[in-house]
Amino acid sequence: MVDVKRGTLVDDPVVTIVDGVIESVATGQAPQVEGAEYIDLAGKTILPGLIDMHVHLTSDSDMHGYRRLAISDERATITGVVNAQTTLMAGFTTVRNVGAGSFGDVALRDAINEGDIPGPRMFVSGPPIGITGGHCSDNNLLPPEYEAVGENVADGPWAARAAVRKNRKFGVDVIKTCSTGGVLSKGTKVGAPQYTVEELTALTEEAHSHGLKVASHAHGSEGIVNALKAGVDTIEHASFIDDEGIRLAKANGAYLSMDVYVTEFILGEGEAAGILPESLDKERIVGQTQRDNFRKAHEAGVKMVLGTDAGVYPHGDNARQLSRMVQFGMTSAEALRAATANAADALGQTGNVGIIAPQASADIIAVSGNPLADISLLEGVEFVMKSGEVYKSE
Ligand code: ARG
């Protein structure tokens with residue numbers, strides 16, 4: 001067993017599970033308990049189920065740019081049913097879904113929780129909240145006569161608060177906003193801030209007053225700083241984070257969720273997947289800087305979680321990012337913590353997920369070999385248990 005907190009291996013672990021929850025973790029011989037079911041994973045290494053803090057289950061990787069206009073919210077939700085299963089089978093027993101139309105992610109989460117379909121435990125944002133013409137929520141693909149407006153466009157502090165209230169009303173667990181432009185949206189600039197600090201503060205205050213955390217997409221340094229000044233909980237992408245951003249993130253205890261794998265897909269297969277030429281140009285500016293800043297922020301001691309942006313690239317390939325996090329400066333143990341215990345902390349789920357310990361949900365995966373020596377072993381998860389139920393056993 002990998003002890004993710006310590007970054008060490010434990011020999012001969014015995015995990016006792018009652019009603020989907022871990023009751024005890026010991027070593028040596030399994031106790032003889034009348035009526036108990038025994039699962040022997042001898043020869044394998046067990047770890048807590050992985051957590052991806054940035055996915056879009058209702059999006060597929062071959063549907064970018066103008067292709068996306070042809071997909072109804074209902075169709076996207078059905079896509080999400082397929083991707084939820086794929087993600088779980090890859091060893092991700094918990095995900096944070098940060099952006100889905102029409103609350104399709106709320107529907108998916110509920111269907112999974114009610115046992116209708118297999119999938120990871122989901123924490124969902126519903127439609128992201130953003131500015132007119134911005135990355136997040138608005139639709140900039142069509143000319144003005146179509147009068148297309150994204151689902152949760154909210155300009156001004158009170159409109160931002162109202163959007164948070166609406167999302168909460170319809171069942172979200174987290175608020176997603178965008179404090180800079182993005183790569184994959186038409187006509188936005190990755191360096192350009194979106195929202196004023198006043199707007200971001202109103203949105204964050206409102207979210208926090210309902211116990212909801214805030215995830216802010218931000219590439220440019222100014223928008224990163226604005227979001228951190230407003231008190232958001234996680235920065236997504238964080239590509240151009242500067243010293244001020246690093247200082248604020250540390251001071252606030254904010255987490256960075258830097259998707260350092262996805263650039264390989266966008267620049268490699270993005271064009272065939274329909275990604276707009278302007279987005280490919282933007283990715284050429286973002287990719288390497290983000291990797292360099294991942295190393296810098298990690299060395300500076302900023303807290304990090306695994307967030308992949310799966311959905312931009314194929315679901316199920318989430319674990320590929322782990323080896324890149326090691327390539328760009330983490331130890332295997334640090335990368336594993338980012339994908340387990342640290343992610344649980346960032347979700348407000350400390351001790352419930354991301355750890356094999358008493359009281360935690362019985363979310364356990366297994367691989368052959370030692371992932372502390374070769375993190376890429378997690379790209380081939382052989383056993384998946386969520387809440388004590390086995391979904392995969394090879
Ligand atoms: N969803 C993000 C955006 O459109 C993807 C950024 C991907 N690029 C990267 N290097 N992380 O901005």
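What's counted below: heavy atoms across the whole structure, side chains too, no hydrogens, waters or symmetry copies. One-based numbering, in listed order, for ligands and for the atoms of each.
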Heavy atom of H219, distance to ligand 1 below 4.0 Å:
yes
Closer than 4.0 Å to some heavy atom of H217 - which atoms of ligand 1 meet that?
3 (C), 12 (O)
Under 4.0 Å to a heavy atom of V262 - the qualifying atoms of ligand 1, by number:
7 (C), 8 (N), 9 (C), 11 (N)
Using 0.5 Å steps for rounding, measure from the CG atom of L184 to the NZ atom of K282.
8.0 Å
Judged by non-hydrogen atoms, does K282 sit under 4.0 Å from ligand 1?
no
Okay, side chain of S279, backbone of I275: is any donor-acceptor separation there less than 3.5 Å?
no
Between the side chains of E382 and K44, is the shortest nitrogen-to-carboxylate-oxygen separation below 4.0 Å, so that they form an ion pair?
yes
Among all protein heavy atoms, pick out the one at the shortest distance from atom 8 (N) of ligand 1; state its residue, atom name and that distance to 0.1 Å.
E283 OE1, 2.7 Å
Salt-bridged, R324 to E264, with N to O below 4.0 Å?
yes
Which heavy atom of the protein is the closest neighbour of atom 11 (N) of ligand 1, given with residue, atom name and distance?
D259 OD1, 2.8 Å
Ion pair check, E278 and K186, cut-off under 4.0 Å
no
Note: R67-D62 ion pair, threshold 4.0 Å (strictly below)
no
Taking E151 for the side chain and S102 for the main chain, is one N or O donor matched with an acceptor at less than 3.5 Å?
yes
Only heavy atoms of V183, strictly under 4.0 Å: list the atoms of ligand 1 that pass.
3 (C), 4 (O), 6 (C), 12 (O)
Shortest protein heavy-atom distance from atom 5 (C) of ligand 1, along with the residue and atom involved
D309 OD2, 3.2 Å
Is it the side chain (CB and beyond), the backbone, both or neither of V190 that lies under 4.0 Å from ligand 1, heavy atoms counted?
neither
Side chains of T234 and E236: do they bring a donor and an acceptor to under 3.5 Å?
yes
Tell me, please: is M258 in heavy-atom contact with ligand 1, that is, under 4.0 Å?
no
Please list the nearest protein heavy atom to atom 4 (O) of ligand 1 with its residue and the distance rounded to 0.1 Å.
L184 N, 2.9 Å
Looking only at protein heavy atoms, which one is nearest to atom 9 (C) of ligand 1, and what is the separation?
Q290 OE1, 3.4 Å
So, does V260 sit close enough to ligand 1 that a heavy atom of it is under 4.0 Å from the ligand?
no
